[in-house]
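Data block below; observations after.
Please read all numbers here as calculations on a predicted model, not as lab measurements. Count residues from 1 along the sequence.
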Amino acid sequence: MNKFAAAVAAASLLVSGAAIAPMAGAAPAATEFAPAPIKWGKCESARLQKAGAECGFLETPLDHAKPNGEKIQIAVSRVKHKTPQSQGIMVVNPGGPGGSGLGLSTLGAAVPNGAGDNYDWIGFDPRGVGSSKPALTCDGNYFSYNRPQYVPTTRELEKTWLAKSKGYADACKKNGALLDHIKTVDVAKDVDNLRKALGEEKINYYGFSYGTYLGQVYSTLYPQKVRRMVLDGNVDPRKVWYQANLDQDVAFDRNIKIYFEWVAKYDSIYHLGKTGKDVEKLWYAEQKKLYANPAGGIIGGDEWTDVFLQAGYYVFGWEDMAKAFDGWVHKGDWQTLKGLYDDSNAQGEGADNGFAVYAAVQCTDVQWPKSWTKWKIDNWLTYLRAPFETWGNAWFNAPCLYWPAKAGKPVEIDGSKVPGILLIDEELDAATPYPGSLEVRKRYPNSSLISAPGGTTHSGSLSGVSCVDDKIADYLATGKLPKRTPGQGHSDAQCEPVPPPVPAGAAAAQRSDKAKAGADAKKELLPQLLHF
């Protein structure tokens with residue numbers, strides 16, 4: 001999803017390019033690989049050092065079908081359990097694909113009631129990502145400023161974007177064999193090698209966003225190796241990845257309207273319109289102006305869209321975006337807009353690592369339509385319903401038209417043999433629309449789903465909402481899952497969503513210290529919670 005390039009997920013496939021996808025629950029056909037124990041040492045990150053983490057590398061085959069062949073290194077961090085008895089390892093993935101998870105070994109501290117202290121929390125950068133070796137990169141300036149208009153209103157714009165997309169795909173060829181072995185199923189097998197390297201019989205797993213799909217693939221391939229699993233913001237396994245992106249476009253258009261209503265609610269502070277429709281009208285008017293005359297010469301209509309896209313994902317940055325909107329309209333402050341864009345769209349050598357991995361995984365997990373005509377028709381039809389993000393998202397994924405590695409076939413997700421896992425989703429989640437969680441709930445008959453009616457935040461657990469977080473803590477401590485009760489709709493339990501912020505100066509009660517602390521901590525992780 002065109003979520004801050006880089007920094008907002010993917011389906012598995014052929015076992016190492018084999019012609020037939022593995023059967024649900026089937027063990028890998030290749031000779032068993034025995035990874036060496038990880039040599040732990042000091043982490044480079046000051047934040048990880050402060051948390052008492054240790055770091056190292058997992059050596060794993062580049063091609064799992066050739067266990068004695070070339071090896072790559074997966075960067076891993078660990079915060080060990082703090083109680084006399086351990087409940088094992090908790091492997092964490094933040095999403096993307098392409099999100100760095102090395103820093104997420106600290107996540108256990110966010111679990112209430114000390115329930116996280118019973119686990120060894122394991123963060124890792126999936127193959128190709130961040131500190132893992134090699135790290136994927138193609139063109140670090142792909143998200144440079146003042147790009148061509150997203151909406152291809154002329155044939156020339158369409159040709160320009162197609163050429164730009166092909167250029168990126170061609171630039172990725174330099175990564176060689178890694179492009180053929182970076183599917184979700186490859187990462188799932190890395191996770192199992194991580195389990196073996198740590199000497200564990202089973203894993204516990206916490207996945208956000210695309211990380212839920214990685215969890216689905218892992219648990220389908222290795223159901224007997226799953227102990228407990230929390231999946232927050234569930235990818236719909238029926239729709240990887242082309243249809244999933246079209247569905248996102250419609251959901252983001254709905255959510256940006258909800259955000260505009262929030263801005264209008266505080267018109268006394270932001271002065272951007274007294275109704276959501278007024279704010280929306282102003283937003284599109286400013287976008288049109290920026291296409292003609294970019295702010296500061298660099299923030300054009302595309303960048304304007306990307307700055308506000310986060311509002312469709314989370315409530316955490318709503319105030320920052322409203323202040324930037326206000327500052328631009330009333331004071332001509334373009335520097336704040338640039339700062340928000342830069343936060344999630346870094347430029348320079350290697351800066352495209354997150355996007356490069358996103359594309360590499362999505363484009364090879366499953367074959368995207370090869371006909372540009374189909375893309376064109378589907379995206380124009382979607383744009384008529386949902387203009388906010390549709391064409392930006394189409395071009396974000398367009399390198400898949402030209403991707404220089406062969407696509408595989410997704411694993412058929414089957415959770416029938418998986419023990420009880422915990423699913424979480426806010427019901428207006430745009431990145432992973434709620435029907436996906438209902439589908440996963442159906443495929444995992446032993447699972448339990450917590451929903452949050454009316455909530456628009458994607459993968460928002462452990463953000464200080466006690467109803468959700470306490471249930472997670474209870475599950476991690478005891479294995480107890482919420483039981484379905486009458487009146488809960490399709491979910492097993494319902495909680496309030498992550499609440500929208502109340503701007504400073506507004507005449508309303510402030511949020512609790514606990515909720516504010518949780519939201520602030522989650523906001524720090526947003527660059528890692530990518531795309532799906």
Side-chain angles (χ1 to χ4, degrees), residues 2-4 8 251-290 294-296 298-345 387-389 392 426 428-431 454-458 460 463-464 497-511 515-516 518-527 529:
N2 178 5
K3 165 186 184 126
F4 303 158
V8 150
F252 272 95
D253 204 82
R254 176 201 63 213
N255 280 13
I256 199 65
K257 287 179 168 61
I258 292 172
Y259 173 63
F260 291 151
E261 291 284 353
W262 178 88
V263 173
K265 179 180 178 180
Y266 297 106
D267 183 59
S268 62
I269 296 174
Y270 302 119
H271 309 292
L272 296 169
K274 296 184 180 299
T275 68
K277 289 185 178 180
D278 289 340
V279 176
E280 181 177 21
K281 183 178 179 180
L282 179 62
W283 189 91
Y284 280 105
E286 292 301 320
Q287 182 192 52
K288 184 177 181 180
K289 292 178 185 177
L290 290 170
I298 56 176
I299 301 298
D302 293 355
E303 292 72 37
W304 177 256
T305 300
D306 291 347
V307 164
F308 287 89
L309 182 59
Q310 186 175 332
Y313 276 88
Y314 318 105
V315 299
F316 304 120
W318 278 13
E319 287 180 273
D320 293 338
M321 284 172 277
K323 289 176 183 176
F325 195 171
D326 172 15
W328 166 246
V329 169
H330 298 119
K331 301 175 184 176
D333 173 14
W334 60 269
Q335 291 90 344
T336 300
L337 290 172
K338 178 180 180 296
L340 290 177
Y341 181 76
D342 290 348
D343 283 347
S344 299
N345 296 275
F388 170 65
E389 171 56 17
E426 296 206 354
L428 298 182
D429 181 342
T456 64
T457 292
H458 172 56
S463 296
V498 179
V502 177
Q510 298 299 308
R511 297 172 59 181
K516 185 178 186 303
D520 289 346
K522 198 59 172 283
K523 189 175 177 181
E524 288 185 13
L525 296 176
L526 293 189
L529 298 175

Charged N to carboxylate O under 4.0 angstrom, Lys289 versus Glu286? yes
What pair of heavy atoms forms the shortest contact from Met321 to Val307, and how long is it? SD-O, 3.4 Å
Shortest non-hydrogen pair, Asn255 vs Ala430, comes out as ND2-CB, 3.4 Å
Val502 to Glu319 - nearest heavy-atom pair and separation: O-OE2, 4.0 Å
Under 3.5 Å, is there a donor-acceptor pair between the side chain of Asn345 and the main chain of Tyr341? yes
Taking all non-hydrogen atoms of both residues, which atom of Pro501 and which atom of Val315 are closest, and how far apart? CD-O, 3.5 Å
After noting the C-alpha distance and the side-chain angles of Tyr313 and Thr457, does the key distance pass the side-chain contact (heavy atoms from CB on, under 4.5 Å) rule? CA-CA 6 Å; Tyr313 276 88; Thr457 292; over 6 Å; no
Tyr259 vs Val279, side-chain contact (heavy atoms from CB on, under 4.5 Å): CA-CA, chis, key distance, verdict: CA-CA 9 Å; Tyr259 173 63; Val279 176; over 6 Å; no
Closest contact, heavy atoms only, Ile256 versus Ala311: CD1-CB, 4.0 Å
Any Leu309 side-chain heavy atom under 4.5 Å of Glu389 side chain: yes
Interatomic distance, Thr336 atom OG1 to Lys331 atom NZ [nearest 0.5 angstrom]: 9.0 Å
Gap between atom CH2 of Trp318 and atom CH2 of Trp262 - 0.5 Å precision: 7.5 Å
Hydrogens and angles aside, do Gln287 and Thr305 bring a side-chain donor and acceptor to less than 3.5 Å of each other? yes
Ignoring hydrogens and angles, tell me if any N or O in the side chain of His330 forms a donor-acceptor pair with the backbone of Leu272 under 3.5 Å. no
Enter the distance from Ile298:CD1 to Leu290:CG here, rounded to the nearest 0.5 Å. 11.5 Å
Side-chain touch Trp283/Trp304, heavy atoms, less than 4.5 angstrom: yes
Between Thr456 and Asp429, is the side-chain contact (heavy atoms from CB on, under 4.5 Å) condition met? List the steps. CA-CA 5 Å; Thr456 64; Asp429 181 342; over 6 Å; no
Pair His458-Glu426, side-chain contact (heavy atoms from CB on, under 4.5 Å): steps then yes or no: CA-CA 7 Å; His458 172 56; Glu426 296 206 354; over 6 Å; no
Measure centre to centre between the rings of Phe308 and Phe388, then say whether the value is under 6.0 Å. no
Whether the side chain of Arg254 engages the backbone of Gly312 through a donor-acceptor N/O pair (distance < 3.5 Å, no angle test) should be reported. no
Can you find a heavy atom in the side chain of Ile269 that is under 4.5 Å from one in the side chain of Pro503? yes
Quick check: Trp328 with Trp334 (ring centres under 6.0 Å apart)? no
Nearest 0.5 angstrom please: Glu261 CD to Lys277 NZ, how far? 9.0 Å
Nearest 0.5 Å please: distance from the CG atom of Leu282 over to the CD atom of Glu280. 11.0 Å
Do you know the tightest heavy-atom contact between Gly273 and Asp278? CA-CB, 3.9 Å
